[in-house]
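Step one of this worksheet: look at the structure below.
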Amino acid sequence: MKLVLVTAVEEFHKDVIKLFKKAGIENFSESDVDGYKNNHALIMSTNWFGAENASNESTMFFSFTEDMFIDTLFDLIKEFNNNLETNNPIKAIVVPIERAI
């Protein structure tokens, strides 16, 4: 069993849920998060409030699941990201679980 974490901008919320289900991961949780990017200094200097970093509404999904489902999910995410027209790909990581109750 491993823990898979997926983050995406709010725009892709429904898409990520579809990807989880298509991968066979029926049990997962989600949480709203604010995502931040450090902008290039030139872009920041042209911003009226140059010292502020604008946040993006994002969602973090997580599930304790088996490798075979995670492999499928990663393949689906790669395919989804390859067809994006934005600079906000879905991101995913896997964390091994040493012990669980």
Side-chain angles (χ1 to χ4, degrees):
M1 178 182 306
K2 294 185 179 177
L3 171 63
V4 61
L5 299 165
V6 176
T7 60
V9 293
E10 186 62 31
E11 177 182 351
F12 300 142
H13 180 264
K14 290 180 182 178
D15 296 308
V16 174
I17 291 173
K18 288 177 187 175
L19 294 175
F20 266 79
K21 290 184 178 183
K22 194 170 182 180
I25 302 172
E26 295 293 330
N27 298 316
F28 56 90
S29 300
E30 68 176 75
S31 180
D32 293 334
V33 295
D34 287 330
Y36 294 88
K37 282 187 179 181
N38 290 330
N39 293 326
H40 186 274
L42 178 60
I43 295 171
M44 293 288 286
S45 66
T46 61
N47 182 351
W48 181 262
F49 301 102
E52 292 184 20
N53 285 335
S55 67
N56 295 312
E57 292 182 9
S58 302
T59 306
M60 180 177 67
F61 298 85
F62 54 98
S63 179
F64 295 94
T65 192
E66 302 300 326
D67 282 339
M68 64 183 210
F69 299 118
I70 293 171
D71 291 341
T72 302
L73 179 65
F74 269 60
D75 289 340
L76 292 168
I77 290 172
K78 284 179 190 175
E79 181 181 336
F80 182 89
N81 285 343
N82 284 337
N83 295 313
L84 280 183
E85 295 180 10
T86 69
N87 193 22
N88 293 307
I90 295 173
K91 304 216 176 181
I93 63 165
V94 176
V95 180
I97 305 299
E98 291 186 29
R99 295 176 66 177
I101 295 179

Are Phe28 and Ile93 in one and the same hydrophobic cluster, where Ile, Leu, Val, Met, Phe, Trp and Tyr link if side-chain heavy atoms are under 4.5 Å apart? no

Please set out all donor-acceptor pairs under 3.5 angstrom arising from side-chain atoms of residues 15-23, sequence neighbours excluded.
none

Are any of the side-chain heavy atoms of Lys91 and Pro89 separated by less than 4.5 Å? yes

Check which hydrophobic residues are tied to Ile101 through side-chain heavy-atom contacts below 4.5 Å, counting indirect links as well, and list them. none

For Phe62, is there any backbone N or O sitting under 3.5 Å from a side-chain donor or acceptor partner on Ser29? no

Is there side-chain contact between Phe69 and Glu26, with at least one heavy-atom pair below 4.5 Å? no

Joint cluster assignment, Ile25 & Leu5, ILVMFWY side-chain distance < 4.5 Å: no

Compare all side-chain heavy atoms of Ile70 with those of Lys2 and state whether any distance is below 4.5 angstrom. yes

Rounding to 0.5 Å, atoms CG (Asn88) and CG (Asn81) come to a distance of 10.0 Å

Side-chain touch Leu73/Val6, heavy atoms, less than 4.5 angstrom: yes

Spatial distance of atom CD1 (Ile90) from atom CZ (Phe80) [nearest 0.5 Å]: 4.0 Å

Quick check on side-chain contact (heavy atoms from CB on, under 4.5 Å): which of Asn82, Asp75, Asn83 does Glu79 satisfy it with? Asn83

Heavy-atom side-chain contact between Val4 and Phe74 under 4.5 Å: yes

Are any non-hydrogen side-chain atoms of Met1 and Glu66 less than 4.5 angstrom apart? yes

Is it possible for you to say whether Ile77 and Val33 belong to one hydrophobic cluster, with membership spreading through side-chain heavy-atom contacts below 4.5 Å? no

Should Met60 and Phe12 be counted in the same cluster of Ile, Leu, Val, Met, Phe, Trp and Tyr side chains packed under 4.5 Å apart? no

